[in-house]
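Numbered from 1 within each chain, the chains take letters A, B, ... in sequence-line order.
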Protein chains: 2
Amino acid sequence: MLEAIGREITDGDLAQGDTLTLEHIQERFGVSRTVARETMRILESMGLVTSRRRVGITVQDAASWNVFDPRVIWWRLAGSGRDAQLRSLTELRIAVEPLAAGAAAWNASAEQRTRIVELGARMRGLGERGLLEDFMQADIAFHTLLLEASGNEMFAALADVVAVVLRGRTQLGLMPQQPVPEALDAHENVAAAVSAGQYRRAEDAMRDLLGEVREAMAPLGTGNTSLD
Amino acid sequence: MLEAIGREITDGDLAQGDTLTLEHIQERFGVSRTVARETMRILESMGLVTSRRRVGITVQDAASWNVFDPRVIWWRLAGSGRDAQLRSLTELRIAVEPLAAGAAAWNASAEQRTRIVELGARMRGLGERGLLEDFMQADIAFHTLLLEASGNEMFAALADVVAVVLRGRTQLGLMPQQPVPEALDAHENVAAAVSAGQYRRAEDAMRDLLGEVREAMAPLGTGNTSLD
DNA sequence: TGAGAACGAAAGGTAACACCATTGCGGTAA
DNA sequence: TTACCGCAATGGTGTTACCTTTCGTTCTCA
C-alpha cells in the first residue's frame, strides 16, 4: 500500500496538489481506517503528502520530499524519474565518496584494511568472470565498508543510498556484460591506498573511480556537472 | 510525543535494545492506542525503533537511524550528541557544498546570480554590525540559494540540513559575537565567482569558506578529517 | 453586494474487540 | 540431566463504531 501510493507519487501519476481522502484509500485497498491513517502518517513523514482537516491528503511538491529516504530513491529509480535520479545520486557520490575514502585511509581499523583489499581482489575475480550479481554484492560491500570506515556517521548513512544505486544499476540492466578493466583497476587502487593509510591518494583514486562511473552513465543523457 | 520519545532515543536516555510497549506509552502520555501506534510508526520509519509482536517496540542502534531526517539532526544538535553531530555535518558540507557552488556557477539563472551577490553584501553589512540573528538568516538564504541553484535535487535537499546547522550554531551560542572578516570575504568571493560563472573558482572559494567554518569549530574537539 | 452564520465534509481522536505471531515456561520422555 | 513438545500469556495488528474539531462552502440577511 505504501509501495503503491509512494510509487504513484514519485512517478508523477499523482501530481502535486492532487488530494486523496482516507475513505478513498480504504475503498481502494480494502483496509480499515486505522491502517489507512498509519500509512498516510508514514508518507507524511517522508514529505510526500500533507494532510489537513476538511481538505484531505494533499500530494506535495517534489521539493519537499525526503529524497534521502532509501524508499523514495528506490521508487524513483524504478520509475520514470530514473535518469534524473541516477545523475544526481552520482554527483552526490562524487562529492562524498572521495572524502570518505580519504577519511577511511586515516581511520580504518586493521581488519577493515585487510578486508578492503580482499574485496578489491574479489571484485576483479568476479568481474572478469562476468558474474554480475556477485560482482554487485562485492561492489556494495566495498563501498559500504569505506563509508563506514570513514568514521563519519553521515557518510556511513549514505551506504544505504549507494547500495540502492548499485543494486538498481544492475537489476535495471544498466551494467555492461562485463565491468570495464579500468573500474577493476580503480577499485584495487583505492583499496591499496586505504590499506596503506595514504589518504590523499585514496581520495584521488576514488575520484578516478567515480569518474569511470560517470562516463559509463553518460549515454543516459548528459547533465551539467561541476566537473570539467 | 514524537518529540519527547525521539529526543530520549537520540540522547541515549533510551539505549539500544530497550523496549517500550504501546500500553506503557498510552499511560505515560494519556493517549489512545491509535495515536500511540501512529507515533511509533513514524519513529519506525525514521529507523529509531522497530516493533515486533510479542516483544514490543525495540529501540534501534544508532547505525540504523535515518540521520538525514531534519528532526533527528535537530534532536541530536540540541542534545548530548551535539559535538559529534556538528563535526560530521561539517564534513558533509565540506564534501557537498564546493561541488554545489561549482554547479551553481554553471547552472544558475540570471536572477539567482544577482541575488547571491546581494546576499553576500548583505551578510557583510549585518556581520559588521554584529546582528547575529539577521546574519544567520542571510547566511541560510545564501547557502540554500547555492544548493538550489546547483540543479541537483539531492544537493537541494541538503539545504534543510545546512539550515538546521546554521540555526543551531547560532541559537546554541556557538558563534563569535561578530563573524570573522575572513568569513565575510569568503562569502563575497563565492558570490562573485558564481555570478561570473567561474565554476572552478566558485568551488575553491567555497572550500576556503568551509575551511573557516571548520577552524571556528575546532575548539569543540578535533576529529580526524580527510583534509590535511 | 458583502459580511456573517450555518452546514457539512473529512481528518483527528477514542474505545473496545477479535486475531495471531512469539516466546518462554513447564512437563514428559529418553 | 537434557531435549523436545505443547500450552498459555503477552503485546502488536487489524477492524469497527462513534464522537470531536476544523474549516471551506454556501446561503441568508442587512
Between protein and nucleic acid, restricted to nucleotides 9-11 of chain C and to nitrogen or oxygen atoms under 3.5 Å apart, what atom pairs and distances do you find?
unit_1 : atom_1 : unit_2 : atom_2 : d
C/dA9  : O4'    : A/R54  : NH1    : 2.7
C/dA11 : OP1    : A/L22  : N      : 3.0
C/dA11 : OP2    : A/L22  : N      : 3.4

Between the protein and nucleotides 6-8 of chain D, list every N/O to N/O distance that falls short of 3.5 Å.
none

What residues form a salt bridge (Lys or Arg N to Asp or Glu O under 4.0 Å) with B/R124, not counting sequence neighbours?
B/E128, B/D185, B/E188
Distance check needed: D/dG11 C1' versus B/R37 CZ, whole Å only.
11 Å
Write down the distance between CD (A/Q26) and C1' (C/dG12), rounded to a whole number of angstrom.
14 Å
Please report, rounded to the nearest Å, how far the C1' atom of C/dG12 is from the CD1 atom of B/I42.
13 Å
Go through the structure and list residues passing salt bridge (Lys or Arg N to Asp or Glu O under 4.0 Å) with B/R41, not counting sequence neighbours.
A/E38, B/E44
Value in whole Å for how far the P atom of C/dG13 lies from CE of A/M40:
16 Å
Please enumerate all residues that pass ring-ring contact (aromatic ring centres under 6.0 Å, His included) together with A/F135, with sequence neighbours excluded.
none
In chain order, what residues pass the salt bridge (Lys or Arg N to Asp or Glu O under 4.0 Å) check against A/E148, with sequence neighbours excluded?
none
Taking the side chain as everything from C-beta on, heavy atoms only, tell me whether A/L2 gets closer than 4.5 Å to A/R71.
yes
Once salt bridge (Lys or Arg N to Asp or Glu O under 4.0 Å) is applied, do any residues pair with A/E3, and if so which ones, sequence neighbours excluded?
A/R7
Per-pair distances, 0.1 Å, donor-acceptor, side chain in residues 11-18 of chain A, under 3.5 Å, sequence neighbours excluded:
unit_1 : atom_1 : unit_2 : atom_2 : d
A/D11  : OD1    : A/S80  : N      : 3.4
A/D18  : OD2    : A/A15  : N      : 3.1

Please give, in whole Å, the distance from D/dT13 C1' to A/M1 CE?
14 Å
Side-chain donor-acceptor distances from residues 94-102 of chain A under 3.5 Å, at least two apart:
unit_1 : atom_1 : unit_2 : atom_2 : d
A/E97  : OE1    : A/H143 : ND1    : 2.7
A/E97  : OE2    : A/R93  : NE     : 2.5
A/E97  : OE2    : A/R93  : NH2    : 3.0

